[in-house]
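Just so it is clear, the values below take in all heavy atoms, side chains as well, and ignore hydrogens, waters and symmetry mates. We count residues from 1, following the sequence as given.
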Amino acid sequence: MTDAATLRDVLLLHEAAQPTAALLLSPESDRILTYGQFAKEARQLSARLNALGIHAGDHVGFLLHNGYQTTTIFLGTMAAGYVVTPLNLLSQGAALAYVLEHSNVRVVFTSAHYEQQLRDAISQLSPQHPDGIQLVVIESDAAEAHAGFGERALDAAINGSTPALLMYTSGTTGKPKGALLTHSNLLHAGRSVCDWHSLTENDRVLSSLPLYHINGQCIATVAPFVSGGSIVAPHKFSARMWWSWVERYQPTWLNMVPTIIAYLLNDAAANAGDTRQWPNIRFARSASAPLPPEQHRAFEKLFGIGVIEAMGMTECASVVFCNPQNASDRKYGTPGLPCGVDTRVVSTETGATLEDNVTGELQLRGDNVMLGYYNAPDKTAEAMTNDGWLRTGDLGYRDAGGFYFVTGRIKELIIKGGENIAPREIDEALLSHPAVLEAAVVGISDANYGQDILAAIVLKPGVACDEKALREHCLRVLGRYKTPKTFRFVDDLPKGPSGKVQRLKLLD
């Protein structure tokens with residue numbers, strides 16, 4: 001696919017070379033979407049959009065769980081020359097209305113299940129919103145949902161610099177920002193993943209990550225599409241069904257986030273779950289949030305699958321760092337080495353590039369870095385330096401071996417008595433307690449120290465633990481200074497669409 005400049009080019013090459021090969025396998029419906037069928041449906045989708053008055057470059061949204069049509073609309077919209085705007089299934093009310101208005105979507109595809117949620121959000125749009133938004137209700141697993149409109153040739157005028165994906169970031173504060181990514185951005189990211197993991201047309205990924213988050217889009221969909229491989233995409237994650245999907249579809253790699261790993265480990269421990277070894281799986285990939293080393297080691301030991309920890313960003317089409325493919329070269333507790341990007345660590349005070357093992361802000365530059373934030377030149381200027389580096393907002397450092405370590409977010413850094421405390425260190429100490437399923441800490445106001453530490457804890461189902469036991473555990477592991485002042489037991493942690501904990505929302 002080195003000759004392809006756009007996702008349209010990739011599709012046409014696959015259509016010619018392997019029309020009967022599977023692109024998508026949908027477990028709930030038993031449907032298989034081949035490359036040849038996808039090319040046909042992309043042309044039908046283009047014809048339907050044209051009939052609706054949607055023109056090249058217009059923004060097309062979807063609010064759908066994973067499925068046959070979800071993949072068709074996601075990839076097909078971009079291949080046909082439109083800009084696709086995935087909408088977060090968890091967003092409701094004002095938050096969804098804001099993205100609908102800000103993104104200038106002209107049409108939104110959704111299912112009957114989400115129709116009312118979407119109509120409620122559309123009703124909140126300002127009267128000045130131009131043209132309104134057309135709503136198309138379809139079944140996410142339907143085949144040839146657009147057949148009645150004929151077929152229309154995919155737009156040949158698009159090129160690498162043509163916008164393809166408008167993806168809104170979850171963020172930790174303020175309103176979402178729309179990262180605008182081009183065909184070139186997505187192809188560079190997809191090729192970087194394929195090269196790193198040696199993906200070919202013989203590889204198949206199991207990923208339950210939704211197509212409204214960047215990991216599910218770029219790592220689990222664009223990268224396999226570029227390589228000519230296939231995707232097993234259930235509607236949503238299920239610990240009970242996960243290993244039966246592995247047995248049935250024989251994936252060669254798994255795409256996960258730490259929450260999935262935690263629930264698979266807990267399911268195996270609590271319910272005598274399926275703990276067979278799976279030699280056909282070349283590797284598992286974990287990203288979107290830091291993977292605690294204890295859970296990393298436990299998963300590898302229990303299931304016999306090596307886990308490659310990685311890190312992505314919406315603004316970089318989900319490609320930033322990745323651990324080496326060779327297991328002996330990997331390190332626990334780090335997202336790895338630069339993957340497809342240039343990287344540096346700079347002082348948060350002076351902007352000077354820092355030496356190894358000195359903590360500062362991580363900055364990135366590469367062909368997968370976004371055009372900018374849509375309709376937000378001020379936000380783009382804040383995020384990008386004059387010489388083209390993206391300010392990630394992440395604190396971290398590089399070790400002597402070139403591995404990068406992320407210690408926290410600049411705005412989430414806890415400063416207690418003038419001492420900088422990285423939240424992740426305390427998270428990992430709490431997660432090492434056998435009763436804790438998930439944990440996240442945040443700084444809270446304190447009259448004596450300026451800030452102190454609040455810990456939010458999700459206990460494993462059926463396991464009892466109290467504040468006294470956790471405090472004693474933290475005192476042993478962390479010492480008194482870093483032990484949280486306050487412990488709060490909660491049913492779940494606030495997360496963005498990528499599964500990343502939104503720490504500052506714990507303050508609510």
Side-chain angles (χ1 to χ4, degrees), residues 169-173 192 196 214-215 257-258 285-293 295-296 307-324 329-366 368-369 382-385 388-416 419-429 431 440-443 453 478 482 496 498-504:
T169 64
S170 54
T172 53
T173 60
S192 296
W196 196 274
I214 199 73
N215 190 329
V257 295
R285 194 179 192 278
S286 177
S288 297
L291 176 61
Q295 293 180 352
H296 194 159
V307 179
I308 299 175
E309 185 171 8
M311 173 183 164
M313 288 184 65
T314 299
E315 292 86 346
C316 297
S318 198
V319 174
V320 177
F321 300 116
C322 196
N323 263 269
D329 295 331
R330 298 176 202 151
K331 290 186 179 182
Y332 292 103
T334 165
L337 304 166
C339 175
V341 292
D342 297 323
T343 58
R344 68 182 185 182
V345 182
V346 304
S347 168
T348 56
E349 296 177 356
T350 67
T353 301
L354 299 173
E355 299 177 350
D356 290 346
N357 298 309
V358 179
T359 297
E361 183 184 26
L362 302 178
Q363 295 189 353
L364 312 167
R365 185 172 63 185
N368 54 314
V369 176
E382 289 176 10
M384 303 294 296
T385 68
W389 290 87
L390 174 70
R391 300 182 176 99
T392 67
D394 285 314
L395 289 170
Y397 64 91
R398 183 184 64 189
D399 71 7
F403 284 78
Y404 283 76
F405 292 77
V406 180
T407 57
R409 291 283 295 173
I410 290 175
K411 293 182 180 179
E412 295 174 349
L413 187 69
I414 300 169
I415 305 176
K416 180 179 176 180
E419 181 77 16
N420 290 352
I421 299 175
R424 182 178 177 182
E425 178 185 2
I426 306 173
D427 292 352
E428 292 183 356
L431 287 164
V441 303
V442 68
I453 304 164
L478 295 167
K482 293 182 179 179
S498 67
K500 186 181 297 182
V501 174
Q502 296 179 312
R503 294 182 190 276
L504 299 184

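With sequence neighbours left out, the side-chain contact (heavy atoms from CB on, under 4.5 Å) criterion links Ala440 to Asp427, Leu493, Val501, Arg503, Leu506. Take Ser192 and apply the side-chain contact (heavy atoms from CB on, under 4.5 Å) test, not counting sequence neighbours, and it matches His188, Val319, Cys339. Among residues two or more places apart in sequence or in another chain, the ring pair (Phe, Tyr, Trp, His ring centres under 6.0 Å) test is passed with Phe403 by none. By the side-chain hydrogen bond (donor to acceptor under 3.5 Å, both in side chains) test, Asn323 is found to be paired with no residue, residues two or more places apart in sequence or in another chain being considered. Looking at residues two or more places apart in sequence or on another chain, you find no side-chain hydrogen bond (donor to acceptor under 3.5 Å, both in side chains) involving Thr353. Residues passing the salt bridge (charged side-chain N to carboxylate O under 4.0 Å, His left out) test with Glu425, sequence neighbours excluded: Lys482. Residues passing the side-chain contact (heavy atoms from CB on, under 4.5 Å) test with Ala383 are Tyr373, Leu390, sequence neighbours excluded. Among residues two or more places apart in sequence or in another chain, the salt bridge (charged side-chain N to carboxylate O under 4.0 Å, His left out) test is passed with Glu361 by none. Thr359 pairs by the side-chain hydrogen bond (donor to acceptor under 3.5 Å, both in side chains) definition with nothing, not counting sequence neighbours. For Gln295, there are no side-chain hydrogen bond (donor to acceptor under 3.5 Å, both in side chains) partners at least two apart in sequence or on another chain.
Between Leu395 atom CG and Arg424 atom CZ the span is 13.0 Å, to the nearest 0.5 Å. Separation of atoms CG (Leu291) and CD1 (Ile308) is listed at 12.0 Å; rounding is to 0.5 Å. Here Leu478 contributes atom CG and Ile453 contributes atom CD1; the two are 8.0 Å apart, rounded to the nearest 0.5 Å. From His296, atom NE2 reaches atom OH of Tyr332 across 5.0 Å, with rounding to the nearest 0.5 Å.
Trp389 places a side-chain heavy atom less than 4.5 Å from the side chain of Arg344.
Put simply, the side chain of Thr392 gets close to the backbone of Leu362: a donor and an acceptor are under 3.5 Å apart. The main-chain N or O of Cys316 is found under 3.5 Å from a side-chain atom of Asn368 such that the two form a donor-acceptor pair.
Contact record, Val441 with Pro423: CG2-O, 3.6 Å, taken as the closest heavy-atom pair. Across all non-hydrogen atoms, the minimal contact from Glu428 to Pro292 is OE2-CA, 4.3 Å. Closest heavy-atom contact between Leu354 and Gly360: CD1-CA, 3.8 Å. Nearest heavy-atom pair, Leu337 versus Pro324, reported as atom, atom and distance to 0.1 Å: CD1-CG, 4.0 Å. Closest heavy-atom contact between Met311 and Pro335: CB-CB, 3.5 Å.
The closest side-chain donor-acceptor pair between Thr334 and Tyr404, if any, does not fall under 3.5 angstrom. Side-chain polar atoms of Asn215 and Ser288 form a donor-acceptor pair below 3.5 angstrom.
Sorted by first then second residue, the salt bridge (Lys or Arg N to Asp or Glu O under 4.0 Å) pairs that include residues 389-408, not counting sequence neighbours, are Lys331-Asp399, Asp356-Arg398, Asp394-Arg409.
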